[in-house]
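Down below is the structure, laid out as structure tokens.
So that the names make sense, note that chain A is the first sequence line, chain B the second, and so on, each numbered from 1.
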Amino acid sequence: MGLEIMEDVRMDYVYNLVRGGKREDGRGFLDYREIKLETGVIKRAEGSARVKIGNTEVLVGVKLEPGEPFPDTPDKGVIITNAELVPLASPEFEPGPPNEDSVQLARVVDRGIRGSEAIDLSKLCIEEGEKVWIIFIDIHVLDNDGNLVDAATLGAVASLLETRIPNERYGLTGEDTLDIRDRPVAVTMVEIGGEILVDPSYNEENAAASGLTVISNEDGSISGMQKYWSGSIEEDKIAEMVEIGIEKAGEIRREFLE
Amino acid sequence: MGLEIMEDVRMDYVYNLVRGGKREDGRGFLDYREIKLETGVIKRAEGSARVKIGNTEVLVGVKLEPGEPFPDTPDKGVIITNAELVPLASPEFEPGPPNEDSVQLARVVDRGIRGSEAIDLSKLCIEEGEKVWIIFIDIHVLDNDGNLVDAATLGAVASLLETRIPNERYGLTGEDTLDIRDRPVAVTMVEIGGEILVDPSYNEENAAASGLTVISNEDGSISGMQKYWSGSIEEDKIAEMVEIGIEKAGEIRREFLE
Amino acid sequence: MGLEIMEDVRMDYVYNLVRGGKREDGRGFLDYREIKLETGVIKRAEGSARVKIGNTEVLVGVKLEPGEPFPDTPDKGVIITNAELVPLASPEFEPGPPNEDSVQLARVVDRGIRGSEAIDLSKLCIEEGEKVWIIFIDIHVLDNDGNLVDAATLGAVASLLETRIPNERYGLTGEDTLDIRDRPVAVTMVEIGGEILVDPSYNEENAAASGLTVISNEDGSISGMQKYWSGSIEEDKIAEMVEIGIEKAGEIRREFLE
Amino acid sequence: MKEDGIELIKDGKRLDGRGFDELRPIKIEVGVLKRADGSCYFELGDNKVIAAVYGPREMHPRHAQDAKMAVLKYRYNMAPFSVEERKRPGPDRRSVEISKISREALEPVILKEYYPKTEIDVYVEILQSDAGTRTAGINAASVALADAGIPMRDLVSSVAVGKIDGEVVLDLNAVEDNNGEADMPIAMIVRRNTITALQMDGRMTKEEFEKGLKLAMNACRRIYELQRTALIERYSEM
Amino acid sequence: MKEDGIELIKDGKRLDGRGFDELRPIKIEVGVLKRADGSCYFELGDNKVIAAVYGPREMHPRHAQDAKMAVLKYRYNMAPFSVEERKRPGPDRRSVEISKISREALEPVILKEYYPKTEIDVYVEILQSDAGTRTAGINAASVALADAGIPMRDLVSSVAVGKIDGEVVLDLNAVEDNNGEADMPIAMIVRRNTITALQMDGRMTKEEFEKGLKLAMNACRRIYELQRTALIERYSEM
Amino acid sequence: MKEDGIELIKDGKRLDGRGFDELRPIKIEVGVLKRADGSCYFELGDNKVIAAVYGPREMHPRHAQDAKMAVLKYRYNMAPFSVEERKRPGPDRRSVEISKISREALEPVILKEYYPKTEIDVYVEILQSDAGTRTAGINAASVALADAGIPMRDLVSSVAVGKIDGEVVLDLNAVEDNNGEADMPIAMIVRRNTITALQMDGRMTKEEFEKGLKLAMNACRRIYELQRTALIERYSEM
């Protein structure tokens, strides 16, 4: 009970700050917290990246294994994206099978990569109808201070960019890099008191009635969107968020993915 | 607690009615509620049927897929019967894996079909020891006002009668109807206050100490029985129920399965 | 609550007995309870044994089935050891998937057999890389009055010694006995009030802060150890336990496994 | 994943003859189940969906109760025979996500504070699927909630738009969805003109997105009228 | 699923030499487990079954308690090595159904109202199986309940009849069951002459059913005497 | 399971150049996570491990609470990408056993009686694995508990010894573990000189065991100093 009261207090605090034109940590409404990206952090993975956005920290590892293609795409590789909200990362996370939050996180990241067609899956066929490369993108959340989607998407794309195909381990030959044709970037925003805030912190996520992730590509097109939580958003706010999302994505792409 | 008292009240009400020679809805002890059967209701299924018995409503879909035979019957098709008591159908049903009630429902329906040898499984061999047709009979309960077994069995048999083998979808050739050699019909009865009631409603099931399903065939033989709940039944009552069950099954078969 | 108090009382009772140089059932600190071993008890199993140590009773069955080898040992058989602490055996055991106690029991027994290299797995290859014998060692606990590890290990080794390879059932030919090259024996001890007690009863296990299993072989070498529970043990006590463990194992091996 | 050579638009018409801004036929029946507190059967072309509502009722386990308001639960479930390849019973990742966004689509209109400590359960069964089941489910659930007498600020209406053969069109069917370039389901509160659910799959420009959003919002207004009509008919019967 | 050419009856005798109305040898031991409150080991031919009873004991979770009576639970479980092909541990659909009908077979005799809010747990382990395990389990459980001092109106006795080579016979073994035409396990309260469990698999005429039921009920009477004798011996020992 | 012809020791040195009693390089960082109450990142050669502690906090479900003391929980979990062949998410038998022995390794030092009815949660994530993860995890957890301010009698330190090419050596890496003859992880309370965890896999003589135990205990003393230093640095920063 005490905890719930604390939560209400924090929500009011964040809300009042925003009404006064401010954020907890002093940044502007459209500013990201400091982003740090480090790749090649996990030797056992074919590609990996550690992303920090403020105190939020996510580790992404990419593994490749030969496996069966889907029956309807016998000559294409397969992407499997998985997110674990391990209880190490937040007092709210509990051990156990994926819940709706981790499923959503994985599916939004997956959708952005898939929608952008960043990976040329047709180059991942080993033997048509029999064997293709399965790309496992595993998102391991280490510290949740909000905005996991942007951190996970950035980590996933950065990992894919450095991924080496482990041909040798499986006695195969072929190209050893993935053909990455686009660099989708996710930008998440929330609405609090009528204002749009980019890169919400954990407290801001709790204070927001709704949020939106816009994943966009090098050419400014959109390759994934997801609205969050139980508030409703006006049409023109959505249009504004899409605009901001595409612009911010460009900035992040230029700084971290080139 | 309030709910439990309501339940007791309803049980007493049903019991007292029966002692006075009556049923909730005015029908005779050996009468079914109105039965409605509609087949071909689900396009995606190889066979399907919607059965209503009074307010009880069950949807049955049959799907066929090639799969592996059992090792001890390498030249025979396989029947898999599954029932989902989805929580949509009753305040008592809960989401989650099959519980003992849904398992029993599926197994009793399955037993009747299997015992009657209605389906000639030897005609469902595609390649001996390698590939046979797997028949999935899926029972989806939509509204539970009692007597799911009779509704589900009728729906299953009606679905099988119209099932088309999807040879083309799997690049196969062969006969495209199942060889249905019998039409088993389930008749469920309960005992309340020493009286036998056919086709129990939900309230009657709750008021009954015991019940019996008798599944019988075109030639009057029995191909499945199951006694329910924690009451005990006298030998002559069972004989009487078997008699009634066979007779009623004949009526239903004539009206709905010919 | 009443139950917890009873447990405290029993623990104090056992502790005070030990401080006075005694055990519940009157035996010496280094004495086993009466051990009874009966093999060939389950016809359906390829090998089986029933072990009683005092009131503790364990049934072990060994089954062999052809299956796939591990990729890194394509020419070797596979051992799978499984323990079920079925709720029949103790008021503390609950139905459900294996918990940490049953996992530990299975893994300690497995470790002793594997570490001793008692079974020559290279003789269990049927077709390299394709098919090998899978040995299932199933430990079924019937009555838990303490020291399940020693009972289960003895039962497992005794079962393996009489196991017949069911070549005929699978249309195969070959040797029909396992090549058993060693006879590992587990000896479990607990420390209560500074004293080492061999073969703890259920009450003694509860009164002990720590325990140790030492699994040793015909040549006196050790092929597995496991320390239990939340107490700490001094270095010289461990050395003493290892000494006792090896000696007791020799006695049991001579009496039951020759 | 477009099949080779398939053309989804010919002479300005779609394969099933619809125009770009045309919905598939819709059929709504209210109060179709006896045991449920509220229910609705909803057809959208070849999608056949049924929704049931139970509650407000006591919430178990107690520690999950909310002392200030009702807890809304939503379960989207596909019948095994609803799709071409039999679906294994039980929730998968897709249905978990759909259940979440559908619940969030409905929450803004429900006066949850009227019933503290209780739960309101919405169960949606997909009996036959042809792309668009999540939007059909939200539409059905919205009507079923009203049928159950749950106090609501308004109905929620839902539809998808997508992009096929380069054109932004309304309400994709399965062939279009499988061979199209993008799909975007939305839900809205028509009388407030606000969006309560929005997802996008595939690839669209900003302009296409804006066009699609308008198309979808207009279609929601039409669906809203159908939902209202169905409810009015139901109550005039009674 | 009859194997080709197998003959189950020769010269009026069954393959194991039994007559049509003959039971396999039965062995009953009472109080075989130390930790359980009551227990019974039961052999029926090659079936080896053990039952344990715990309780009445406090029921968890509390909201599942019945304020008016004890809740009876029954768990039928096969050891992995009890059958020719190793059984994966854990409940399957067959064991779930058997547990249910076995519990219902016993409930009519248990004076559950003596112990409100508690649970009584019956655990049955099948150690070796040769057709007839569910009936052996019910017989064992019935004795174990008595051994645990659970107040009961009477014992429950159980056996199966079946049809092989066209004949109605008692107590099928595995070869007969696998190659026979029908199997019908029952349970009864012998002194009341009432049936508490009844299932039928396969195909039988009404006349065969009636004959089988009589055969089974007579055999239950014999089993009942063996159960009583075993209990009396146990208590005279003490 | 030694690979053919592999030599683990050449000229008195191990493949990675270490002597028999040499640890791999160790790196310890304290307080690396914001949300956790205490945390520690621990590297041991190529093992990368992170531990977080939450609590003491209210325990759910209530009936699992201990009225006299806190309940310690420990969850050892491998990230899917931490090993060469991707590990399926979720607990397996190995991680269940490791979690148990790790919890028991730490329990002797924790003053659980200070916080009745609460739970203290230790979560250990293996980010990269190279043999020795359970010992690295215990070391990390011990420091994270201190960082969380959990009252402790002392730290716990942990390391493994093993046997390769017939020699008893300290702290096996993955190549050594896969091709060695035995592995023995221990944990100890350095200042009390007592053992809180001990497991042994493989085959060793009694003399080798005794030699190995001494080697491991000495190494624990060195690790203990590193743990202490890391904690002191952390607090002098603050």
Side-chain angles (χ1 to χ4, degrees), chain A residues 1-3 41-50 52 54-67 80-98 102 106 134-146 155 159 163 166 169-170 201-202, chain F residues 31-41 43 45-58 60 73-91 95-96 99 119-131 133 137 140-141 144 148 173-174:
Chain A
M1 187 55 82
L3 283 173
V41 292
I42 300 297
K43 226 187 228 200
R44 302 270 175 269
E46 273 69 80
S48 62
R50 193 165 72 155
K52 294 196 75 169
N55 284 310
T56 286
E57 185 170 352
V58 170
L59 194 59
V60 179
V62 171
K63 295 283 300 172
L64 269 76
E65 287 177 13
I80 295 176
T81 306
N82 176 62
E84 282 203 86
L85 303 183
V86 291
L88 167 123
S90 169
E92 288 79 24
F93 296 166
E94 286 176 13
S102 57
I134 316 288
I135 303 182
F136 291 97
I137 302 175
D138 279 294
I139 299 161
H140 217 72
V141 177
L142 297 182
D143 214 352
N144 176 24
D145 193 25
S159 297
T163 290
R169 189 188 307 146
Y170 296 99
S201 69
Y202 177 79
Chain F
V32 293
L33 300 177
K34 188 202 170 208
R35 300 298 306 282
D37 296 324
S39 59
C40 174
Y41 174 77
E43 270 186 24
D46 273 345
N47 293 293
K48 297 184 177 188
V49 165
I50 191 161
V53 170
Y54 288 91
R57 57 185 178 183
E58 202 184 345
H60 289 292
K73 294 185 181 175
Y74 191 107
R75 183 180 185 260
Y76 167 101
N77 185 52
M78 296 194 109
F81 44 74
S82 64
V83 279
E84 185 129 315
E85 194 180 344
R86 178 178 184 265
K87 194 204 158 285
R88 278 173 63 117
S95 67
V96 167
S99 296
E119 70 180 63
I120 299 167
D121 290 290
V122 181
Y123 300 117
V124 171
E125 295 293 325
I126 310 305
L127 307 179
Q128 187 170 286
S129 157
D130 189 52
T133 56
N173 64 25

Can you sort out the partners of A:Ala83 under side chain to side chain contact (heavy atoms under 4.5 Å, CB included), two or more places apart, ordered by chain and number? A:Leu105, A:Ala106, A:Ile139
With sequence neighbours left out, what residues match A:Glu84 under side chain to side chain contact (heavy atoms under 4.5 Å, CB included)?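 A:Glu84 satisfies side chain to side chain contact (heavy atoms under 4.5 Å, CB included) with A:Asn82, A:Val86, A:His140, F:Asn77, F:Pro80, F:Pro89 once adjacent residues are dropped.
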Pairs of heavy atoms under 4.5 Å with chain A: top-ranked of F:Ala36, F:Gly90, F:Pro91, F:Ser82: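 The candidate making the most pairs under 4.5 Å is F:Ser82.
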Options F:Ile50, F:Leu33, F:Leu127, F:Val53, ranked by heavy-atom pairs under 4.5 Å with chain A, top entry: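 Highest number of pairs under 4.5 Å: F:Leu33.
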If you count heavy-atom pairs within less than 4.5 Å of chain F, which of A:Leu59, A:Leu88, A:Leu142 leads?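 Between A:Leu59, A:Leu88, A:Leu142, the count favours A:Leu88.
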Please look at F:Ser129 and chain A and tell me whether the side chain, the backbone, both or neither of the residue comes under 4.5 angstrom of a heavy atom of that chain. backbone
Heavy-atom contact with chain F under 4.5 Å, split by part of A:Glu46: neither
Do A:Asn55 and F:Arg35 come close enough that some side-chain heavy atom pair is under 4.5 Å? no
Can you check whether F:Lys73 reaches A:Pro95 side chain to side chain, under 4.5 Å on heavy atoms?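 No. Closest side-chain heavy atoms not under 4.5 Å.
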Would you give the length of the straight line joining atom [atom1] of [X] to atom [atom2] of [Y], rounded to the nearest 0.5 angstrom?
X	Y	atom1	atom2	answer
A:Ile42	F:Asp46	CD1	CG	10.0 Å
A:Phe136	F:Lys87	CZ	NZ	12.5 Å
F:Glu84	A:Lys63	CD	NZ	6.0 Å

Heavy-atom pair with the smallest gap, counting every atom of A:Ala89 and F:Tyr54: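 Distance-wise, the nearest heavy atoms are C-OH, 3.4 Å.
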Taking all non-hydrogen atoms of both residues into account, name the closest pair between A:Val60 and F:Phe81 and its distance.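 Of all heavy-atom pairs spanning A:Val60 and F:Phe81, the closest is C-CE2, 4.3 Å.
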Below 4.0 angstrom, N of the basic side chain to O of the carboxylate: do A:Asp138 and F:Arg86 qualify? yes
Do the charged groups of A:Glu57 and F:Lys34 touch, with an N to O distance under 4.0 Å? no
